Amino acid sequence: MISEELVRGMLYLSLSAVGVPGNLTVILAFLSAHYQDKRLLPADAIVLHLACVNLMVVGVRCLLETLASFRLASVFNDAGCKGVIFVYRTSRSLSIWLTFILSAYQCLSVAQPSSRWASIRTWLARHLGLVFFVLWLINTCMSSAGILFSFGARNTSIPTRHGINVQFCFVHFPSKLSKDSNGAAQMGRDVVPMALMALASLIILFFLYKHNRQMKTRRSGSGSERRAAKAVVSLVTLYVVLYGVDNGLWVYTLTLRTTMSSSLVSDLRIFFSSLYAALSPLLIIAFNSKVNGRLGRGVAVKVAKERATTLANS
């Protein structure tokens with residue numbers, strides 16, 4: 001096996017090994033909470049949706065790239081490339097926008113109950129299903145280029161201009177204009193929520209700094225709200241760093257006139273964007289009391305069973 005393919009496979013394997021069980025843990029914890037409590041808080045519903053989308057990013061892209069890099073499966077023919085790139089781009093952009101929705105909701109939660117912002121938060125909580133539907137609709141439509149212009153790497157009829165090399169696939173645009181316009185749309189889809197979620201995080205940080213003492217005594221739930229706010233700020237910080245690198249590499253890709261012979265830049269882009277999907281569940285597990293509470297309860301039950309078995313045997 002070529003050493004470059006080995007390194008590539010190990011990197012994607014590490015993302016899969018962390019991201020798949022991590023996101024599954026978050027999903028199962030919230031589903032268990034929903035089953036027992038018969039409801040989920042709006043912020044929890046957003047995090048649950050985010051974990052599902054991140055699982056799609058890691059499972060569809062990283063896991064399949066791992067199998068292909070180690071030559072355990074061959075799924076990247078023309079149809080496979082179209083499907084994988086379309087699902088990856090859709091789930092990746094949904095991950096970005098859901099992180100923004102989560103930061104915006106958390107930002108609105110620190111508003112005074114009688115303010116107009118509080119009423120917006122109430123509206124958002126009541127219409128989360130509609131918000132999710134609109135996000136899916138918009139991002140699915142904007143990812144249609146993945147279906148139209150993606151081909152398997154073994155397709156020898158692919159032109160060398162206006163294309164992007166993604167190792168096992170090529171994304172070939174019919175003209176420079178279509179490539180630039182698609183690239184600009186992808187950039188806008190990332191930069192807009194990035195700026196808005198960064199602003200929301202700054203507002204949250206300012207509120208935590210200014211009203212730290214008041215939050216401790218305002219109501220019993222303030223402790224969990226502070227943890228939730230810190231979790232959101234951590235997620236946004238992680239997003240801005242990783243997707244900032246991703247978009248910088250994307251701009252570099254758009255400036256090239258011919259298709260690169262190496263997929264190194266595209267691999268780095270996919271790695272950094274998938275790294276958010278792999279690491280974000282670790283932050284959720286660390287900060288979300290509902291998730292780590294379920295995990296702690298499961299560990300306690302396991303220890304109790306082991307002790308009971310030991311006593312019975314003795």
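Please read all numbers here as calculations on a predicted model, not as lab measurements.
Counting all heavy atoms, side chain and backbone alike, Val58 lies closest to Ala278 at CG2-N, 4.1 Å. Summarising the geometry of Gly188 relative to Pro193, their closest heavy-atom pair is O-CD, 4.1 Å, with the distance given to 0.1 Å. Nearest heavy atom pair, residue Ile285 against residue Gly22, reads CD1-O, 4.3 Å. Of all heavy-atom pairs spanning Asn77 and Gly80, the tightest one is OD1-N, 2.6 Å. Ala68 and Phe76 make their closest contact through CB-CE1, 3.6 Å (heavy atoms, listed as atom of the first residue, atom of the second, distance). Closest approach of Ser150 to Lys82, counting heavy atoms only: O-NZ, 3.0 Å.
Listed for the Asp44 side chain is no donor-acceptor partner under 3.5 Å among the backbone atoms of Phe30. Ser143 places no side-chain N or O within 3.5 Å of a backbone atom of Thr140 that could act as its donor or acceptor partner. No side-chain donor-acceptor contact under 3.5 Å links Ser95 to the backbone of Ser91.
Side-chain contact between Val131 and Ile101: present, with at least one pair of heavy atoms (C-beta onward) separated by less than 4.5 Å. Side-chain atoms of Trp136 and Thr90, non-hydrogen and from C-beta on, do get closer than 4.5 Å to each other. Residues Leu282 and Leu279 are in side-chain contact: their nearest non-hydrogen atoms beyond the backbone lie under 4.5 Å apart. Taking the side chain as every heavy atom from C-beta outward, Val171 and Phe151 never approach each other to under 4.5 Å. A 4.5 Å side-chain heavy-atom check between Leu31 and Leu48 finds at least one atom pair inside the cut-off.
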Exercise for the section: Give the intermediate values and the outcome of side-chain contact (heavy atoms from CB on, under 4.5 Å) for residues Phe132 and Leu98. Expected result: CA-CA 8 Å; Phe132 290 156; Leu98 287 169; 3.6 Å; yes

Practice task
Could you please spell out the steps behind the side-chain contact (heavy atoms from CB on, under 4.5 Å) verdict for Arg8 and Thr66?
Solution key: CA-CA 8 Å; Arg8 188 174 184 277; Thr66 301; over 6 Å; no

Problem - CA sep, side-chain torsions, deciding dist, call: Met10, Leu13, side-chain contact (heavy atoms from CB on, under 4.5 Å) - result: CA-CA 5 Å; Met10 292 301 296; Leu13 178 61; 4.3 Å; yes

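Note on Phe272 and Val7: same hydrophobic cluster, where clusters join Ile, Leu, Val, Met, Phe, Trp and Tyr whose side-chain heavy atoms are under 4.5 Å apart, directly or indirectly. Leu28 and Val18 sit in two unconnected hydrophobic clusters of ILVMFWY residues. Membership requires side-chain heavy atoms under 4.5 Å apart, directly or through other members. The same ILVMFWY cluster, assembled from side-chain heavy atoms under 4.5 Å apart, contains both Leu6 and Leu72. Note: the hydrophobic cluster containing Leu196 does not contain Val134 (ILVMFWY, side chain heavy atoms under 4.5 Å, direct or indirect links). A continuous path of ILVMFWY side-chain contacts below 4.5 Å connects Leu148 to Phe86, so both sit in one hydrophobic cluster.
Annotation: ring pair (Phe, Tyr, Trp, His ring centres under 6.0 Å) contacts of Tyr105 (sequence neighbours excluded): none. With sequence neighbours left out, Tyr12 forms a ring pair (Phe, Tyr, Trp, His ring centres under 6.0 Å) with no residue at all. For Ser274, the side chain to side chain donor-acceptor pair (under 3.5 Å) criterion is met by no residue, not counting sequence neighbours.
Expressed to the nearest 0.5 Å, how far CG of Leu15 lies from CG of Leu11 amounts to 7.0 Å. In this structure, Ile270 CD1 and Glu65 CD are separated by 5.5 Å, a value rounded to the nearest 0.5 Å. The CG atom of Leu50 sits 11.0 Å away from the CG atom of Leu55 when rounded to the nearest 0.5 Å. Atom CD1 in Ile96 sits 8.5 Å away from atom CG in Asn139 (nearest 0.5 Å). Between the SG atom of Cys107 and the CG atom of Leu102 there is a distance of 11.5 Å, given to the nearest 0.5 Å. Of the inter-residue distances, the one linking His34 atom NE2 with Leu41 atom CG reads 12.0 Å to the nearest 0.5 angstrom.
Through ILVMFWY side-chain contacts below 4.5 Å, Tyr35 is grouped with nothing and stands alone. The hydrophobic cluster containing Ile203, built from Ile/Leu/Val/Met/Phe/Trp/Tyr side-chain heavy atoms closer than 4.5 Å, also comprises Leu199.
Taking the six-membered ring where the residue is Trp, Trp97 and Phe100 present perpendicular rings, their angle passing 60° and hence far from 30°.
Under the 3.5 Å distance criterion, with hydrogens and angles disregarded, a donor-acceptor pair is assigned to the side chains of Gln106 and Ser109.
Applying the salt bridge (Lys or Arg N to Asp or Glu O under 4.0 Å) test to every pair with at least one member in residues 181-208, sequence neighbours left out, gives these pairs: Arg92-Asp190.
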